[in-house]
Amino acid sequence: MQFTTLALCALSAAGALAQSTSKTATSSAAKTSSTGSATGMTTVHVVKVGSANGSLVFAPNEVKAVVGDMVQFQFAPNNHTVTQSTFDAPCQPIAMNSNVTGIYSGFMPVSAASTTTPTYTIMVNNTTPMWLYCSQGKHCQNGMVMVINVNPTANASRTLANYASLAKAATANLAPGAVSGGVSGTNSTSGSGTGTETGTGTSTETGTGTSGSASATASKSSSAIRTTESFSLIAGLVVMGFALLL
């Protein structure tokens, strides 16, 4: 009778220990899954090009961005461009006055009834000021200009206000011959399409981290199963031993 009682106690203890180990492994796996979901973040600055009421503006017309940030231009009716120039020669493509190709979105026609918004997205590769204008008609001369990373501490005269003044006096508004420097896309006002209207904010990449969490969970679960099997085997051997003694 004593041997039987001891055997049952041993079996019960082994089973409880196996269950406890399994819960610990599962809890550890859950923690790995919850903390490994994000691997990187990219800031996206959104600039509206033009407006529904016909205003010739970039909104905002000044952007501060760090290397690696993205700037997405979203085009309103009717037909505008994003074109880079030098500070000293606004309304002229930067390639005309330097050895830099610069960025150019091309013309983006949009009707007032359109349900999609054309976009043009660039990555900021350095913090040198980027002077931009719209090369449609006389939009540049009429104040449709902006700057990314203005730096008046380096040169107090190179401000957006002074750039706009130079643009107002320009005798011509020119466009480059080919799109360059960015990626074109489309946002849908109904929520579907090749882009999303998120405003200025962040986007998070979760693919790699999620995959790693799944792998960790599988590994922990597998470990828990092996531990349970080991304790079950030990419990069986204990019972067999007592049975032989009987």
Side-chain angles (χ1 to χ4, degrees), residues 36-85 91 93-94 101-126 130-140 142-149 160 173-211 213-214:
S37 61
T39 60
M41 301 178 69
T42 300
T43 300
V44 180
H45 306 270
V46 171
V47 176
K48 301 293 185 179
V49 184
S51 66
N53 64 12
S55 298
L56 301 180
V57 295
F58 289 97
N61 58 7
E62 287 192 31
V63 170
K64 282 288 187 182
V66 300
V67 173
D69 283 2
M70 310 294 287
V71 179
Q72 183 179 89
F73 299 93
Q74 298 181 355
F75 293 82
N78 291 312
N79 193 354
H80 301 288
T81 78
V82 175
T83 313
Q84 187 176 1
S85 74
C91 309
I94 192 172
T101 300
I103 67 169
Y104 174 56
S105 65
F107 287 91
M108 297 286 193
V110 184
S111 70
S114 178
T115 58
T116 59
T117 301
T119 64
Y120 175 73
T121 306
I122 65 169
M123 176 178 282
V124 176
N125 296 316
N126 56 61
M130 295 180 66
W131 304 98
L132 306 171
Y133 67 99
C134 175
S135 54
Q136 173 68 270
K138 288 189 175 294
H139 291 190
C140 180
N142 290 330
M144 197 167 180
V145 296
M146 70 164 292
V147 61
I148 299 173
N149 289 329
L160 180 59
N173 190 17
L174 306 176
V179 173
S180 63
V183 177
S184 297
T186 303
N187 288 354
S188 173
T189 55
S190 63
S192 61
T194 60
T196 54
E197 294 188 76
T198 57
T200 301
T202 58
S203 59
T204 307
E205 299 173 6
T206 59
T208 302
T210 301
S211 176
S213 298

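Worth knowing before you read on, the calculation uses all heavy atoms, side chains too, and leaves out hydrogens, waters and symmetry mates.
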Applying side-chain contact (heavy atoms from CB on, under 4.5 Å), name anything that partners [X], two or more places apart in sequence or on another chain.
X      : result
Val47  : Phe58, Pro60, Val63, Val71, Phe73, Met146
Thr101 : Ser180
Asn125 : Met123

- Val145 and Cys140: side chain to side chain contact (heavy atoms under 4.5 Å, CB included), yes or no, with the steps? CA-CA 6 Å; Val145 296; Cys140 180; 4.1 Å; yes

Any donor-acceptor pair under 3.5 Å linking the side chain of [X] with the backbone of [Y]?
X      : Y      : answer
Gln84  : Ile94  : no
Tyr120 : Gly182 : yes
Thr117 : Gln74  : no
Asp69  : Lys64  : no

Nearest-0.5 Å distance, [atom1] of residue [X] to [atom2] of residue [Y]:
X      : Y      : atom1 : atom2 : answer
His80  : His139 : NE2   : NE2   : 6.0 Å
His45  : Met70  : NE2   : CE    : 10.5 Å
Asn173 : Cys134 : CG    : SG    : 7.0 Å
Tyr133 : Cys91  : OH    : SG    : 6.5 Å
Met130 : Ile103 : CE    : CD1   : 4.0 Å
Trp131 : Asn149 : CH2   : CG    : 10.5 Å

- Query: Side chains of Lys48 and Val57: closer than 4.5 Å at any heavy-atom pair?
  - Reply: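 The answer is no; the side chains never approach within 4.5 Å.
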
- Message: I'd like to check the side chain to side chain donor-acceptor pair (under 3.5 Å) partners of Asn61; sequence neighbours left out, ordered by chain and number.
- Response: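 Applying side chain to side chain donor-acceptor pair (under 3.5 Å) to Asn61 gives none.
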
- Query: Excluding sequence neighbours, so at least two apart, what forms side chain to side chain donor-acceptor pair (under 3.5 Å) with Asn126?
  - Reply: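 Asn126 satisfies side chain to side chain donor-acceptor pair (under 3.5 Å) with Thr128 once adjacent residues are dropped.
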
Please set out all donor-acceptor pairs under 3.5 angstrom arising from side-chain atoms of residues 105-112, sequence neighbours excluded.
residue	atom	partner	partner atom	Å
Ser105	OG	Val82	N	2.8
Ser111	OG	Ser114	N	3.2

